[in-house]
Amino acid sequence: MPARRRGPRSDTSRRTNLGLLVLLAVAFVTGALAFAAGTRAGGLVVAAHGAAGLGLLALAPWKQLIVRRGLRRRRAGKPASVALIGLVVAAVAAGVAHAAGVARLPGGLTAMQVHVGAALAAAPLAAWHVRARPVRPRRTDLSRRALLRAGALSGGAALTWGGLEGALAAAGLPGARRRFTGSHETGSRDPAAMPVTQWIADRVPAVDPGSWRLRLAAGHRVAELGYEQVTAFDDRLRAVLDCTGGWWAVQDWAGVRLDRLLPHTGDARSVVVTSVTGYRRRLPVADLASLLLATRAGGRPLSAGHGFPARLVAPGRRGFWWVKWVTSIELDPAPWWLQPPFPTR
């Protein structure tokens with residue numbers, strides 16, 4: 001029996017699904033990298049993330065035809081496929097809304113919260129979909145024509161991203177003033193106006209300054225300082241706090257540089273900063289002189305929500321590195337990268 005020949009419609013559907021798979025992978029990877037981007041070079045990652053999202057929109061008309069045909073069939077897992085489509089649409093729509101400067105959505109959630117939440121929920125469904133509905137690559141996928149089509153799609157998505165940025169600027173929308181990370185300015189030089197945010201399971205603790213102690217450990221040397229001893233220092237630093245929640249603010253911070261608190265021992269490769277909540281981050285020991293343990297912002301003591309009695313200020317790093325409610329700082333021989341790229345609690 002001769003093999004069944006695939007028609008043009010089948011091949012178009014396969015190429016569309018393959019293109020969507022590649023764009024989803026690019027969107028997930030660049031989205032994760034954008035969360036870590038704290039320097040201007042990371043702006044290219046954010047732009048690639050936005051272009052990938054717009055590329056998904058560009059393929060939507062072709063995918064709509066595939067979905068319509070699929071809904072007429074009796075196939076297992078159809079609800080999961082529909083849920084995946086809905087989550088991807090929600091993630092892209094919320095991302096565009098955040099870029100345009102929409103602060104809050106109905107229900108009190110921010111556009112960034114919906115964008116990230118929908119993407120995280122879509123990830124396991126996307127993995128299932130790839131396994132259950134595999135798109136098998138062919139040699140023709142690397143043909144000159146296929147590569148030209150992919151280049152046209154990528155270039156068109158990038159141009160659309162640039163056009164969207166230009167439209168935001170021309171319309172004078174808040175999105176035109178985003179930082180290179182995609183974050184919007186909120187509360188600069190006014191600490192009280194900054195949003196109170198923390199990572200996942202953390203809650204704002206009530207810390208008694210009278211009983212609070214800062215533990216310092218460098219090799220076999222261990223010391224403790226009380227609140228008054230720490231606030232006696234007056235090192236100052238103007239730095240930008242750029243939160244992965246989608247906002248940023250520049251503040252004048254005051255406190256003590258970490259290299260004043262801890263002598264750099266020869267075997268130390270990282271400095272571990274721990275919160276009273278158990279939250280911790282490990283940073284390169286080479287950053288000691290640029291890190292500040294802040295007790296004040298804008299000339300006033302920190303509020304509880306912003307890290308009282310002391311928080312880490314880590315210039316050039318996103319907000320999840322800026323450990324709040326610090327209770328311990330320790331030099332450690334392990335390398336700084338020996339930790340999850342993002343906190344797990």
Side-chain angles (χ1 to χ4, degrees), residues 8-37 42-71 77 80-100 111-112 114-165 167 175 181-182:
R9 187 170 71 177
S10 175
D11 198 47
T12 299
S13 298
R14 194 192 66 82
R15 288 199 302 267
T16 299
N17 286 332
L18 184 60
L20 288 170
L21 175 61
V22 172
L23 286 172
L24 275 176
V26 171
F28 280 129
V29 171
T30 55
L33 292 175
F35 250 41
L44 296 176
V45 176
V46 175
H49 182 65
L54 294 176
L56 291 172
L57 289 180
L59 290 178
W62 286 273
K63 184 61 178 178
Q64 183 183 22
L65 297 176
I66 299 171
V67 171
R68 286 181 177 178
R69 292 197 299 268
L71 290 176
S81 297
V82 173
L84 173 60
I85 294 172
L87 288 169
V88 170
V89 170
V92 173
V96 172
H98 173 78
M112 180 58 71
V114 174
H115 177 66
V116 174
L120 291 176
L125 290 177
W128 166 84
H129 197 276
V130 169
R131 184 176 178 85
R133 312 272 195 271
V135 180
R136 304 193 183 283
R138 300 176 184 170
R139 288 185 179 181
T140 55
D141 294 332
L142 296 178
S143 67
R144 184 172 179 271
R145 177 179 294 183
L147 293 176
L148 285 174
R149 286 172 176 166
L153 176 62
S154 301
L159 287 174
T160 304
W161 172 258
L164 176 61
E165 293 292 306
T181 57

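As the structure is a computational prediction, the values presented were derived from the model and not from experiment.
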| Any residue meeting side chain to side chain donor-acceptor pair (under 3.5 Å) with H115, in chain and number order, not counting sequence neighbours |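 Expected list: H49.
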
Which pair of non-hydrogen atoms, one from [X] and one from [Y], has the smallest distance, and what is that distance?
X   : Y    : result
A52 : V26  : CB-CG1, 3.9 Å
A80 : W128 : CB-CZ3, 3.7 Å
H98 : G182 : NE2-O, 2.8 Å
F28 : A126 : CE1-CB, 4.4 Å
A83 : L125 : CB-CD1, 4.0 Å

Set of residues satisfying side chain to side chain contact (heavy atoms under 4.5 Å, CB included) with respect to [X], sequence neighbours excluded:
X    : result
L33  : V29, V45
A48  : T30
A100 : L168

| Between CG of L24 and CG of L84, what distance do you get to the nearest 0.5 Å? |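 Between L24 CG and L84 CG, I get 7.0 Å after rounding to 0.5 Å.
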
| query | Between atom CG of L54 and atom CG of L59, what is the distance when rounded to the nearest 0.5 Å? | reply |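 It is 11.5 Å, given to the nearest 0.5 Å.
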
Please set out all donor-acceptor pairs under 3.5 angstrom arising from side-chain atoms of residues 88-95, sequence neighbours excluded.
none

